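Worksheet for the structure shown next.
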Amino acid sequence: MKSEPSVYGIDHLQRDKRTSWGGVRNYQVRNMFRDDFAQGDLAFFYHSSCDEPGIVGTMKIAGKAYPDPTQFDPESEYFDPRSKRDSPSWLAVDVRFERRFRQPLPLDVLRSHPGLEGLLILRRGNRLSVTPVTGAEAELILSLAAEKGVP
DNA sequence: GCCAACGTTGGC
DNA sequence: GCCAACGTTGGC
């Protein structure tokens with residue numbers, strides 16, 4: 001799951017412990033939230049549009065997806081006037097901070113590591129702020145982080 | 001339903 | 001700041 005650290009990074013999540021991952025206005029991601037996300041799932045926190053893009057830590061999905069409240073809030077930048085209360089267009093999920101990698105895994109490391117070439121987030125022109133990771137890829141990423149000194 | 005124009009994203 | 005790539009929009 002990616003976010004710009006200048007807007008909301010892993011520092012914020014570490015402070016908040018738990019947050020609502022909302023404001024996503026993409027139907028593919030909405031469907032992933034709805035169909036694929038379950039309580040207890042592991043997620044990686046990816047920093048984008050910053051000095052060092054890459055995976056910076058892990059989170060746990062804290063529960064089922066629910067209607068994203070920001071779509072109904074006229075004050076929110078994510079307000080969607082077309083969305084109806086009785087059939088919300090957009091979903092959010094709650095995530096809980098798990099841990100921060102002592103050393104972030106930068107984009108170029110991810111790109112060049114055998115076994116991770118299938119990661120959707122590495123695809124050129126990828127439009128999704130949330131992308132799936134296979135079990136094997138997750139194990140690899142965790143072991144790479146461990147090599148870098150994370151307990 | 002097609003598709004060109006447009007806006008956004010994100011790495012560089 | 002550039003630009004490739006993509007999703008969305010709206011006219012037809």
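This structure is a prediction, so every number in the text was calculated from the model and none was measured. Residue numbers start from 1 in every chain, and the chains themselves are labelled A, B, ... in the order their sequence lines are given, proteins ahead of strands.
- A 6.0 Å sphere centred on CD of A:E52 holds no more than 12 heavy atoms belonging to other residues, nucleotides or ligands.
- Taking atom CG of residue A:L128 and atom P of nucleotide B:dG11, one finds them 13 Å apart after rounding to whole Å.
- The separation between A:H47 atom NE2 and B:dT9 atom P is 17 Å, rounded to whole Å.
- When the C1' atom of B:dT9 is taken as reference, atom CG of A:N126 falls 9 Å away, rounded to whole Å.
- Applying side-chain hydrogen bond (donor to acceptor under 3.5 Å, both in side chains) to A:Q14 and the options A:E98, A:R99, A:R100 leaves one that passes, A:R100.
- Distance CZ (A:R111) to C1' (B:dG10): 10 Å, rounded to an integer number of Å.
- Separating the CD atom of A:E4 from the C1' atom of B:dT8 is a distance of 11 Å, rounded to the nearest angstrom.
- Counting any heavy atom pair closer than 4.0 Å across all strands shown, A:R82 reaches sugar-phosphate atoms only and no base atom.
- Taking each heavy atom of A:P132 and A:M32 in turn, the nearest pair found is CD-SD, 4.0 Å.
- Rounded to whole Å, atom P of C:dG7 lies 11 Å from atom CG of A:L120.
- Ring pair A:F45/A:Y8 is parallel by interplanar angle, where below 30° counts as parallel and above 60° as perpendicular.
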### Task
Using the side chain to side chain contact (heavy atoms under 4.5 Å, CB included) rule, take A:H47 and A:I10 through it: C-alpha gap first, then chi angles, then the decisive distance, then the call.
CA-CA 8 Å; A:H47 280 176; A:I10 196 155; 3.9 Å; yes
Set out, line by line, the N/O atom pairs under 3.5 Å between protein and nucleotides 3-6 of chain B.
none

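- When heavy atoms are screened at a 4.0 angstrom cut-off, A:R127 is found touching base atoms of the nucleic acid.
- Taking atom CZ of A:R124 as the reference point, atom C1' of B:dG11 lies 9 Å away to the nearest angstrom.
- Around atom CG of A:D51, no more than 12 heavy atoms belonging to other residues, nucleotides or ligands sit under 6.0 Å away.
- In this structure, A:Y27 places its OH atom 7 Å from P of C:dT9, rounding to the nearest Å.
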